[in-house]
Every structure is written in C-alpha cells, then in structure tokens.
Amino acid sequence: MIAPVWAGSSEAACRLARRPRHTSIRLVTTLGALLVAAPLASCAPAGTTTPRATTTPARVVITPTSTGPTSVLGTPSPAAAVLAAPPTNCAFVDPPQTVTVAQLGPNANAHLVGGGYFWIFGVYYQREIHLGQAGSPPWPIDKMVVEVGPSYTQPVTLKLRNLATGALAWWTDGSGPPGAATQTLVLDPQTDTESVGQLPGVPDVPHGQVSSDWHEWGIFPLFTVAGCYSLKASWSGGSWRSVFAVGN
C-alpha cells in the first residue's frame, strides 16, 4: 500500500507561528492611577489614610480567553539497549472500524482504521510494529498520520501504555533526542488549523484542516522497551482502545 502524502510535506521549510489563541490585553498604567488619586485624596473620610502612590512602571497583563486542554511536556529517558523482538503473546485488539474516505487532502480513497472521531491511516497501523534501524538506541521513534473527524472540532486525547509494566510511552516531535515529549497527547482541531511543520516545544506536527470535515497530524510515539502496548483514544462522550506489539 502506498503511504499517504502528507498535507504538510513542506514542513521543513515552514516555520509559521503555531496554535493562535485569542487573548485580551489589559494595560495597567500607574500614571493614570496617580491622576485619579490626587483629587480623591481630599474627599477621604476623617480618620482614614490615603494610600501612598507608587512609581511601579506600567505593565501589560495578558489573560487567555480560553483554557482548553494541553499536552503536559516531560523528558523521556533514552533506550538503554537495542529493542528486543516484538512479543508474540500479545492479546491483540484491532481498532473497531475501517473506512475509506474519497478524498483527504492530496490522498484519494484514503483507508483509515479507528472509530468515532479518531482515525489512523491504515498503512501506519500494524499489529506488530518492527522498528528496524529505528529500534536502535537511544531514540526508537515511530511515525503515524492520524485524522480527527468527520465534522468534529473538540480535543482528542491519546495515551500509549506498556501492558506488562503499566508505564506510559511518550509522544514526541519526531526528533532524536526529542525537542518536546508528552505522555498524554492532546490533538485540538480548534488550534491546529494549518500545516506549520515541526516546531520547538510541540509534541506533534499538525497538517491542518485537510478537508472540510477532517483535521490531520503527524505523530511520533517513542518506544524505549519492546512489549505489548495499548493505544487509547478518547474524546468527550467516547473512546476506543487497541493492542499491538512493538520491537526491533
């Protein structure tokens, strides 16, 4: 199967400002406070003390108008050794659905696996992930191209868990060592509206809105230990879970 063409194929050349958020700016000016305080001082009731004006410079206070979920960044440890082969005794669980979308950006008849509002290009999802040379230490990072949709604009949260140890794996920006990493990845269609390429401090690569109904990302899981892993995708009111094997 031919791998899908990323909508963000010019990512290396694109370094646009990421994730615009509306903010309100409130300017607090001490000079204005002094002008108002002067005439009011004579009107203070008897027995009260008029606060002494200060000379604190004017400052700008930026207050976000929205507080949506974000991915909390952390620092993963490198792999201590070359990964072992993928285990053969995993209790495999496949994504619940498969669909074919006539057109997703430059990709015609795109085959997706997943369900609800989170989907993975089928070519990037395997029951057994063999990382090959990427399985060598210290940064065995894989790649997936994923979609949120159709017609869904709320965040989707992703977690990867090693079933033997219970430890969460990491999502990264695809660099080795990672420039940004998180164990809980939040994909938000409202902020990832365009293809901006790989950015410092961002543990995914948004491709933006690839059609009227779909938003797309490149995401990069880091597996420092071979094993059976669960992938859980969740959103407001729903979720799905799959299980696959990872190794060298």
Side-chain angles (χ1 to χ4, degrees), residues 4-11 14-25 62-73 95-125 143-160 168 171-174 180-221 231-242:
V5 179
W6 285 25
S9 59
S10 61
E11 293 165 358
C14 298
R15 292 295 184 272
L16 303 177
R18 175 134 191 281
R19 305 187 178 201
R21 298 180 183 274
H22 297 293
T23 59
S24 60
I25 300 180
I62 300 176
T63 306
T65 58
S66 63
T67 55
T70 57
S71 300
V72 178
L73 302 184
Q97 293 179 271
T98 62
V99 298
T100 299
V101 180
Q103 195 71 42
L104 274 179
N107 300 293
N109 297 319
H111 174 68
L112 307 178
V113 299
Y117 295 113
F118 178 72
W119 305 84
I120 305 171
F121 267 92
V123 69
Y124 288 100
Y125 186 90
K143 177 181 75 175
M144 298 178 180
V145 178
V146 301
E147 308 285 333
V148 169
S151 301
Y152 190 71
T153 59
Q154 299 306 306
V156 172
T157 300
L158 304 179
K159 290 185 179 181
L160 279 171
L168 290 174
W171 303 98
T172 78
D173 59 357
T182 183
Q183 292 178 304
T184 302
L185 183 63
V186 179
L187 304 178
D188 191 344
Q190 294 193 52
T191 57
D192 293 337
T193 58
E194 57 186 324
S195 179
V196 297
Q198 186 183 50
L199 292 175
V202 179
D204 58 59
V205 177
H207 297 173
Q209 188 171 2
V210 294
S211 77
S212 60
D213 293 335
W214 299 89
H215 287 75
E216 184 176 284
W217 288 261
I219 59 177
F220 302 88
L231 166 63
K232 183 176 181 180
S234 57
W235 55 91
S236 178
S239 66
W240 61 260
R241 175 179 176 270
S242 68

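Panel note: side chain Glu216, backbone His207; no donor-acceptor pair is recorded below 3.5 Å. Of the possible polar contacts, none joining the Trp119 side chain to the Leu112 backbone as a donor-acceptor pair under 3.5 Å is found. When atom types are taken as modelled, the side chain of Thr172 and the backbone of Pro221 share no donor-acceptor pair closer than 3.5 angstrom. In this structure, the side chain of Gln209 engages the main chain of Ser211 through a donor-acceptor pair within 3.5 Å. Panel note: side chain Thr182, backbone Val72; a donor-acceptor pair is recorded below 3.5 Å. In this structure, Gln103 contributes its side chain and Gly105 its backbone to a donor-acceptor pair below 3.5 Å.
Note that NZ of Lys232 is 12.0 Å distant from OG of Ser242, once rounded to the nearest 0.5 Å. A distance of 5.0 Å separates CD of Gln190 from OG1 of Thr153, quoted to the nearest 0.5 Å. Between Leu160 atom CG and Gln183 atom CD the span is 10.0 Å, to the nearest 0.5 Å. Atoms OH and CE, from Tyr125 and Met144 in turn, are 7.5 Å apart once rounded to the nearest 0.5 Å.
Val196 is listed as a side-chain neighbour of Pro206, based on a closest heavy-atom distance under 4.5 Å. Two residues are said to be in side-chain contact when any heavy atoms from C-beta on lie closer than 4.5 Å; Val205 and Phe220 meet this criterion. In this structure the side chain of Thr98 reaches within 4.5 angstrom of the side chain of His111, judged on heavy atoms.
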Check step by step if side-chain contact (heavy atoms from CB on, under 4.5 Å) holds for Val148 and Trp235. CA-CA 10 Å; Val148 169; Trp235 55 91; over 6 Å; no
Walk me through whether Leu158 and Ile219 qualify under side-chain contact (heavy atoms from CB on, under 4.5 Å). CA-CA 10 Å; Leu158 304 179; Ile219 59 177; 3.8 Å; yes
Check against side-chain contact (heavy atoms from CB on, under 4.5 Å), Leu104 and Glu147: CA-CA 9 Å; Leu104 274 179; Glu147 308 285 333; 3.9 Å; yes
Let me see the working for Ile120 and Leu231 under side-chain contact (heavy atoms from CB on, under 4.5 Å), right down to the final yes or no. CA-CA 11 Å; Ile120 305 171; Leu231 166 63; 3.8 Å; yes
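Under the 3.5 Å distance criterion, with hydrogens and angles disregarded, no donor-acceptor pair is assigned to the side chains of Asp204 and Trp171. The closest side-chain donor-acceptor pair between Ser151 and Tyr117, if any, does not fall under 3.5 angstrom.
Pro95 and Gly114 get closest at one heavy-atom pair: CB-N, 3.6 Å. Scanning all heavy atoms of the two residues, the minimum distance from Gly116 to Pro150 falls at O-CD, 4.4 Å. Shown here for Ala233 and Phe118, the closest heavy-atom pair between the two residues is CB-CD2, 3.5 Å. Of all non-hydrogen atoms in Val186 and Thr157, the two that sit nearest each other are CG2-OG1, 4.1 Å. The minimum heavy-atom distance linking Gly201 with Leu73 is given by the pair O-CD1, 3.5 Å. Contact detail for Ser236 and Tyr152: the closest heavy-atom pair is N-OH, 3.6 Å.
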